[in-house]
Amino acid sequence: MKVREWDPRVATATEIATVVETLNTMMSVDLPDDPPWRDVLMREYLSVTMPGERKITWIAEKEEGDLARGVPLLGFASILLLGDIGVVECIVHPEMRKRGLGRTLLHAVVSHAHAEGFQAIGVEVPGGTPGVEFYTGLGFRKAFTEQRSVLDLDTVDWYALGELANGIATGYTIRFYPDSPPDDLIEAYASAKAEVQDVDLGDLDLRPSSYEPDRLRASLSCLHARGLRPYIVVAVHEATGVVAGLTEVVVPEQRPMRADQYDTVVVPQHRGYGVGRAIKARMLFELRSAVPSLRQVQTWNAAVNEPLLKVNAELGFSADRDWLEFEADVPDLARALGIA
């Protein structure tokens with residue numbers, strides 16, 4: 001078995017396709033109801049990062065050069081270095097599990113993080129999968145739990161949804177923007193996000209939001225470069241022109257049948273007027289027209305976020321599984337893995 005660093009930016013088309021094949025093999029076992037990945041803009045998805053961030057990837061082959069020959073991988077791992085934390089992903093082929101490969105891949109990841117002086121790493125793990133036992137066995141601590149919910153668009157009562165979309169108080173205008181809010185709304189949009197950034201839900205910020213105009217522009221550009229098309233609905237308070245609420249959904253080119261819910265924000269002083277319910281309902285109408293191939297939308301919410309969970313239930317989302325965030329101190333992992 002050979003573990004080596006691998007750069008998707010300079011990989012061949014065969015290598016990228018083989019990585020996708022390995023990912024789908026794992027998904028078919030761990031998340032069988034999730035749609036498979038397709039090899040569309042996967043190179044960009046695997047390599048493009050935000051300014052100031054870096055991503056390093058390792059692959060495990062039976063024999064060196066297998067990937068170039070199109071031989072399925074034994075596994076792969078990566079670390080995204082952002083801020084003061086490294087975000088880990090580790091994929092092991094189902095036939096190679098419980099044979100030490102995951103530990104070997106994590107050894108490479110932690111060695112790099114330790115050498116660069118990072119003190120903490122985090123990882124997201126779907127509940128009910130072998131990753132939970134793997135990470136806890138290495139000393140990772142569960143830091144946060146979200147609930148993933150999925151909406152099947154074929155089950156939506158569009159008439160009832162229309163009532164929800166129109167159930168906003170007077171004095172608000174709802175607007176839809178594919179790709180990005182207009183530049184003259186960017187500052188107000190970023191300000192709405194900043195209004196709630198201090199709300200502590202206990203998560204690790206493994207998927208950080210962008211609260212400043214320039215950072216928001218960079219984030220939107222990064223999404224497009226990775227093949228992730230954002231769709232945005234905002235509620236504007238007519239009297240002041242401020243963005244009272246916003247919701248973002250991203251449709252990945254790699255899995256266009258299932259969209260990902262990103263941020264949904266209702267500014268505190270505008271809560272209680274039906275803003276959150278109306279913008280999320282309007283989004284579903286817009287997606288039905290803009291993305292006819294779309295079949296599902298998935299979202300993640302903390303159990304403590306009761307208002308948004310209630311809105312999602314009214315829209316027809318069904319709880320799917322827990323989604324766990326784990327964290328570990330790099331020096332402790334380095335000692336446990338024999339690195340330091």
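All values derive from a computational prediction rather than experimental measurement.
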Side-chain contact test, heavy atoms from C-beta onward, threshold under 4.5 Å: evaluate it for [X] versus [Y] and give yes or no.
X: Y231; Y: F176; answer: yes
X: E53; Y: L80; answer: yes
X: R217; Y: I186; answer: yes
X: R258; Y: V251; answer: no
X: T25; Y: P72; answer: no
X: P181; Y: L220; answer: yes
X: L309; Y: F317; answer: no
X: D39; Y: V19; answer: no

Nearest heavy atoms of [X] and [Y], plus distance in Å:
X: F144; Y: A302; result: CZ-CB, 3.5 Å
X: P130; Y: R97; result: CG-NH1, 3.7 Å
X: V132; Y: P126; result: CG2-O, 3.8 Å
X: Q254; Y: L41; result: NE2-O, 3.1 Å
X: A192; Y: V243; result: CB-O, 3.5 Å
X: V249; Y: A259; result: CG1-CB, 3.5 Å

Give a yes or no on this: more than 12 heavy atoms of other residues, nucleotides or ligands lie within 6.0 Å of atom CE of M257.
->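 For M257, atom CE is not crowded (no more than 12 foreign heavy atoms under 6.0 Å).
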
Take atom CZ of R69 as the centre, draw a 6.0 Å sphere, and report whether it contains more than 12 heavy atoms from other residues, nucleotides or ligands.
->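 Atom CZ in R69 is packed in, count exceeds 12.
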
Check [Y] with [X], please: is the shortest side-chain N to carboxylate O separation under 4.0 Å?
X: K98; Y: E133; value: yes
X: R54; Y: E116; value: yes
X: E212; Y: K193; value: no
X: D66; Y: K2; value: no
X: E253; Y: R229; value: no

Assess, by modelled atom type and distance only, whether the side chains of [X] and [Y] contain a donor and an acceptor separated by less than 3.5 Å.
X: E286; Y: Y177; result: no
X: H237; Y: T240; result: yes
X: S78; Y: T57; result: no

Any donor and acceptor pair, going by atom type alone, linking the side chain of [X] with main-chain N or O of [Y] inside 3.5 Å?
X: R103; Y: R99; result: no
X: S219; Y: R215; result: no
X: T155; Y: L151; result: no
X: D7; Y: R9; result: yes

To the nearest 0.5 Å, what is the distance between [atom1] ([X]) and [atom2] ([Y])?
X: M50; Y: L82; atom1: CE; atom2: CG; value: 9.5 Å
X: H93; Y: L101; atom1: NE2; atom2: CG; value: 11.0 Å
X: L106; Y: I79; atom1: CG; atom2: CD1; value: 9.0 Å
X: R141; Y: E325; atom1: CZ; atom2: CD; value: 13.0 Å
X: I174; Y: L246; atom1: CD1; atom2: CG; value: 12.0 Å
X: D30; Y: T129; atom1: CG; atom2: OG1; value: 5.5 Å

Check the pair R4, E61 against salt bridge (charged side-chain N to carboxylate O under 4.0 Å, His left out), reporting the backbone distance first and the verdict last.
-> CA-CA 8 Å; R4 63 181 175 89; E61 304 164 295; 2.9 Å; yes

Strictly under 6.0 Å, is that where the ring centroids of F140 and Y135 end up?
->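 Ring centroids of F140 and Y135 are less than 6.0 Å from each other.
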
Would you sort out whether V234 and V236 count as a side chain to side chain contact (heavy atoms under 4.5 Å, CB included), showing the intermediate values?
-> CA-CA 6 Å; V234 301; V236 177; 4.0 Å; yes

Pick out which of N312, T299, T247, N301 makes a side-chain hydrogen bond (donor to acceptor under 3.5 Å, both in side chains) with Q261.
->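 Only match with Q261 under side-chain hydrogen bond (donor to acceptor under 3.5 Å, both in side chains): T247.
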
Only one of Q147, R148, Q298 passes side-chain hydrogen bond (donor to acceptor under 3.5 Å, both in side chains) with D320; say which it is.
->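 Only one of Q147, R148, Q298 forms a side-chain hydrogen bond (donor to acceptor under 3.5 Å, both in side chains) with D320, namely R148.
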
Step by step, work out the side chain to side chain contact (heavy atoms under 4.5 Å, CB included) result for D152 and R295.
-> CA-CA 6 Å; D152 290 312; R295 294 292 177 267; over 6 Å; no

Shared hydrophobic cluster for [X] and [Y] (ILVMFWY, side-chain gaps under 4.5 Å):
X: M27; Y: F76; answer: yes
X: V265; Y: L315; answer: no
X: L81; Y: L333; answer: yes
X: L105; Y: V71; answer: no
X: I279; Y: L185; answer: no

Could you walk me through whether E5 and I56 pass the side chain to side chain contact (heavy atoms under 4.5 Å, CB included) check?
-> CA-CA 8 Å; E5 195 171 324; I56 302 95; 3.6 Å; yes

CA sep, side-chain torsions, deciding dist, call: V92, M26, side chain to side chain contact (heavy atoms under 4.5 Å, CB included) = CA-CA 7 Å; V92 175; M26 182 278 293; over 6 Å; no

Please table the atom pairs, donor to acceptor, closer than 3.5 Å between any side-chain atom in residues 160-173 and protein atoms at least two apart or in another chain.
{"unit_1": "N166", "atom_1": "ND2", "unit_2": "G162", "atom_2": "O", "d": "3.1"}
{"unit_1": "Y172", "atom_1": "OH", "unit_2": "H270", "atom_2": "ND1", "d": "2.8"}
{"unit_1": "T173", "atom_1": "OG1", "unit_2": "E238", "atom_2": "OE2", "d": "2.7"}

Could you check R38 against E21 for salt bridge (charged side-chain N to carboxylate O under 4.0 Å, His left out), going step by step and ending with a plain yes or no?
-> CA-CA 9 Å; R38 61 177 191 163; E21 179 185 352; over 6 Å; no

